[in-house]
Structures are given as structure tokens and as C-alpha cells.
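The next block holds one structure in the form of C-alpha cells; read it before the comments.
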Amino acid sequence: MIEHDVVIVGGGLAGSRAAVEIARIDPNLRIAVVAKTHPIRSHSVAAQGGIAATLKNVDSADNWEAHAFDTVKGSDYLADQDAVEILTREAPDVVIDLEHMGVLFSRLSDGRIAQRAFGGHSHNRTCYAADKTGHAILHELVNNLRRYGVTIYDEWYVMRLILEEGQAKGLVMHRLRDGQVQVVRAKAVMFATGGYGRVYNTTSNDYASTGDGLAMTAIAGLPLEDMEFVQFHPTGLYPVGVLISEAVRGEGAYLVNSEGDRFMSAYAPSRMELAPRDITSRAITREIRAGRGIHDNGSAGGAFVYLDLRHMGKEKIMSRVPFCWEEAHRLVGIDAVHQPIPVRPTVHYSMGGIPVNTDGQVRSGVDGLVESFFAAGETACVSVHGANRLGSNSLLECVVYGRRTGRTIAQYVQTRKLPEIDEAAYLTQAHQTLQSLLDQSGTYRINEIRQAFQDCMTDYCGVFRNESLMQEGLEKLHQIQQQAQQIYLDDKGKVWNSEVVEALELRSLLIVGEVILTSALHRQESRGAHCREDYPDRDDTTALRHTMAYYSPAGIDLRYRPVTITLFQPQERKY
Ligand SMILES: Cc1cc2nc3c(=O)[nH]c(=O)nc-3n(C[C@H](O)[C@H](O)[C@H](O)COP(=O)(O)OP(=O)(O)OC[C@H]3O[C@@H](n4cnc5c(N)ncnc54)[C@H](O)[C@@H]3O)c2cc1C
């Protein structure tokens, strides 16, 4: 059995930042990071626009209170305000620390870190490295993992969380290269497994964003929080869904419909293109539904709108958002200096996740904590984003809460012993799971089922939702879950069998999808990203609360947790 003091699943920003913190505090601890990709290939590397912090380099009137207010308003008042206060107060410090590690931020002419405008932020506070911010930060963090001697298990797929009597004891993992299975025991287990964009058919997310950490947590009997809140980013490149960063609008680009109108004036007159993402995504969807979308041939009535950069000029486009220009050019042949970019909303971010307190400890329910189990980053819900996340607050969350969780763990393990685990039993079960996948003589290929499932989630639980649609969606989903019992694998081997991993990921996707649909069906109001056509208003009297969903194969049980309100009383949300 492999042993470590701490095992972290996920080599993205949250997992890497936590590992660095633990190593800094106690260099003698044996820390491991496990990732199903190489850590550098975690989705964090694709983050483009930036990381928010009130450095006041561009706007001296900015302060953490303003950042906190924008975040809470952006969240449609569902965020826990104690967690938001920590996020925004610690932001300048974590960004300066990244800079000291060597992250190459873009600069002002006087050498200080540059800051740009972003949706829903009332001041220019987003720090960036052109439009490759995640790349710049993740490379430095992973360099630091090596520097501190953290053990990295890359291309190992974690298939099970070992949780016994309310305590996380370790995990079971499977090596892609040769099919080897190992049990790991540790004094603390942390999940930093990222989001679940692949639950939907059009997403900005990596192929690896399949919600595995969420599903393993749910299977272990622990709740998932606020899963109905799925962020649609307004500007996915049409038709592929790849992200065109909000930084492009932060630098001044327009959204235009088939009539040539900057239609955001009808939806958010004071913020225009820089309204929060939920509002902008709904506006684009409404324009398309009203026949003011655009076709491939430029005529009205099509499925996208234009993102127009042309007035920004070549020099600004190439210096501030070169990667977005390149994506549009490479993927759909558009030269954004001379042509507008076709865009429509794409699934982007998971506001909900594994419930944690502000020290990163996983909640066992409405009250209470799980022993030895921690989570941070997109897979966690601390809840700083509530019902809608503001752009550039997620990288920030990964770094602030990655660091805090790392600190908690470094203290926590000092007095703990390695847990006892029946290794043989876990190995036998894992081998059986894998062998039964290989032996299965079903009738469906994985891809067929995955596609049907992604279409189902997109059609029945998208930007706009209502009761009958979601009921129908759940019935369809149950049929797809039945069919998923009858998949077959072409590859029966052990070496680099990526089909086995796809089958395990499909299991995660189906569980996460069911939790999203069920949580959404039972939230009878519209708040942030959750927009119900049959309940168009926000309902603070009965629905200002966090959903806690408990999964079991027999069905999902829902409970609720109160929202922490400290600084800002809920008000009407207008931009
Ligand atoms: C295209 C794009 C652009 C973005 N731009 C911005 C931005 O400009 N600003 C901003 O604030 N936010 C942005 N975001 C959001 C932000 O990047 C993410 O929320 C954040 O990076 C998530 O980091 P993470 O560490 O939680 O997870 P990730 O970076 O997704 O890492 C997850 C890790 O978990 C591992 N893992 C998962 N499952 C398993 C398993 N079963 N076994 C082993 N390992 C596993 C993966 O291999 C990976 O290492 C963007 C997101 C996207 C998709």
C-alpha cells in the first residue's frame, strides 16, 4: 500500500497551490499530488482573462469591500458572505505571492501589474498575463511542486474515495499506462478535481472536466451543494464552444445582433457588454430566440450573435488578446481584426460542488464535518460564487482557498496517525469493477451514451428551465442510465486503455447530471444562473438557502442549509 501524510487529487491551480503551502509550512511532510492528466494539462492552464485582486494599480478608489459587494451582488445574494470577505481581503496578498514565485503578469508602463475591466466588477481589478493567465500561473506552481519535492502521480485515475465511519482514509487509483491498481492511505485526503463541463454537449471545458471528484464524493454518501447553478459563458466560439475570453469585452469589444444593434442596451444599460455572465448569456439566448441571431451566410434567424472587435484596432487586439484572435482564426477561419467573431453561450463553470467550510474542511451535512477530508477549487463549494460567478474570481478562489486549505491540512496532520485500511478488500473490489467493464458484452458504445446524455442535459436543463421540461429530462436521463449498464469496450487490454477511463468518467457524468437536474427541479425561483420560466422571480422568503443533495442509486434526497449574510442585505439586482 502506498502511504503519504497528505494525498491531493488534482494538479490544477487549487491542488498545486495547496501542496506548495503544505510544503512551505512543513517540508518534512510526505505530500502527493495525483492527476489523471499531467498537472500542467489541468484545465486551469486554459484560463485566459485573469485573476481579480484590489491592488489599486489602475484604480486607486478600489477596495476589498467593493470587490466583496460586486461578488455578492453577482452571486444574486446566495454567496456565503464570510467566505467572500476572506476571498476579497486575501486577494492582493496571494497575487503578490504568485508574482514573487515568478508568474509573468502583464505590466503597466511603470512596471506594476496591469489590471483590466471584467464583467460585474465595478473597478478595473483583474490582473492578467495577456490572455494566457492560467498558463502563466500553473507553470510556476507546478515548477514549485518539483522544487519542494512533492511526489507527483501523473496519469493515474482516482476511482474511489475511501471513507469509513465519517473519516476519509485514502483512495484507490488506476494507472493508465499499465492498468495497475493501488490503494493509497493518508492522514488527510484533498479533492481539487475541477469542474464538470462535459455534462453538456457544448462547453469551454477540457475533455477531462467530467466531475469525477463530485461523483466519488456523492457515491461515498456525502452531499453536493447548489449543483443547479451551472454557468453558461456568453461567448463560446460558434460552433465549437471553445471560450472567447471575457477579457475581449473587458478590452472594449461589442456584442451585436443580426440588425447590427448592440442589444445589451436593452438588458443591462449601465454595464452593457460587461454585465455578469448569467444576464449576458440570457440576453444572447433571447436575441437568438427572437429571430435576431445570425446564420452562417450572415442572414437573420440563425444560432449565434457577433462579438465585434474591429474598432479596437490591430495593435490592441494583438497585444491584449492575441490568443483569442488566434483561436478564432485557427478554429473557424475568422480574422477578428477585419471580421466579427460568431459566438453563443457555452457551458463554462460549476458554482456548486463539494460543500466545505472556510478552512477547506468538507461538510458531512447541514451541520458537521468529515474527518480528514478537504476540498478546494472548482470542485468545492465554499460558496463564494453563490448563484453566479464573476469572471476572474475563480482563479482567485483556487489560490486563496488552495492556500487556506493547505494551511489547515499542514496543521491537521501533525497530530494524526495513518489510518487502518483493508487494502486487499479494496483492491479486489477495484479489480472486479475494472474486469466487469472489460467483460461486459453490451450493445452500446460509450460515445453513443455520452452524446445522448449530453444532449439530454443541454435540451432539458439549459439556460432557461421549467418544471415539465426538467421532469421529462429526468425520465430521459433514467433511460440513458439503464442503457449505460449495457456498454461494451472495444479495447480489452491493460496498456493505455483509455476506454476504461472513459467508462469510469461516464459513470461520473451520469451521477453529476442527475444531481444537477434534481436540484434544479426543486429550486422554484430564478436566481443567478438558474432561470425558471415558470418561476421568473427571485424568492428570498423561501428559497434564500443552499441546496444539499444526497445521491444514492435509489434516488436523490434534498436538504437545505442557510446562507451566511454578514455585510450586505439582499437587494434587487440591476445593472
Ligand atoms: C477556457 C477557460 C478559461 C477560463 N478563464 C478563467 C479566467 O480567466 N479567470 C478565472 O478566474 N477563471 C477562469 N476559468 C475558470 C478556472 O480556470 C477554473 O475554475 C479553475 O482553473 C479550476 O481549477 P481547479 O484547480 O479547481 O481544477 P482544474 O484545473 O480543472 O484541475 C483538475 C485536476 O484534477 C485532476 N482530476 C480530475 N479527476 C481526476 C481523477 N478521477 N483522478 C485523478 N485526477 C483527477 C485533473 O487531472 C486535474 O489535474 C476558465 C475556465 C475555462 C474552462
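This chain uses plain numbering: 1 for the first residue, then up along the sequence. Remember, it's 1-based here, ligands and their atoms both numbered in the order they're listed.
Any N or O atom pair closer than 3.5 Å counts here, and Cys398 shares no such pair with ligand 1. At least one N or O atom of Leu395, backbone or side chain, sits closer than 3.5 Å to an N or O atom of ligand 1. Of the polar atoms of Ser209, none of the N or O atoms is found under 3.5 Å from an N or O of ligand 1, judged by distance alone. Residue Ala35 places no N or O, backbone or side chain, under 3.5 Å from any N or O of ligand 1.
With a heavy-atom cut-off of 4.0 Å, Asn393 touches ligand 1 through its backbone alone.
Under the side chain to side chain contact (heavy atoms under 4.5 Å, CB included) criterion, Val45 pairs with His135, Leu138, His139, not counting sequence neighbours.
Using a 4.0 Å cut-off between charged nitrogen and carboxylate oxygen, Arg177 and Glu155 do not count as a salt-bridge pair. Electrostatic pairing of Arg403 and Glu397 does not count as a salt bridge here, judged by no charged N lying under 4.0 Å from a carboxylate O.
Nearest residue to atom 12 (N) of ligand 1 from Arg389, Glu155, Gln48 is Arg389 (criterion: closest heavy atom). Comparing Ser44, Gly194, Ala380 by heavy-atom distance to atom 23 (O) of ligand 1, the nearest is Ser44.
Close contacts of ligand 1 with Leu13, meaning ligand atoms under 4.0 Å from a residue heavy atom, involve 25 (O).
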Chi angles and distances behind the side-chain hydrogen bond (donor to acceptor under 3.5 Å, both in side chains) call for Asp59, His123 | CA-CA 7 Å; Asp59 190 341; His123 297 268; 2.8 Å; yes
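Remark: aromatic rings of Tyr349 and Phe232 are distant, center separation not under 6.0 Å.
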Under 3.5 Å, side-chain donor or acceptor atoms of residues 2-16 against the rest of the protein: list the pairs with distances, not counting sequence neighbours.
| from | atom 1 | to | atom 2 | distance (Å) |
| --- | --- | --- | --- | --- |
| Glu3 | OE2 | Arg185 | NE | 3.1 |
| Glu3 | OE2 | Arg185 | NH2 | 2.6 |
| His4 | NE2 | Tyr153 | OH | 2.8 |
| Asp5 | OD1 | Lys187 | NZ | 2.9 |
| Asp5 | OD2 | Arg30 | N | 2.8 |
| Ser16 | OG | Gly11 | O | 3.0 |
| Ser16 | OG | Gly12 | O | 2.9 |

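A cation-pi geometry, defined here as NZ or CZ lying under 6.0 Å from the six-membered ring centre and within 45° of its normal, does not hold between Arg24 and Tyr148.
Using 4.0 Å as the threshold, Val9 has a heavy atom nearer than that to some atom of ligand 1.
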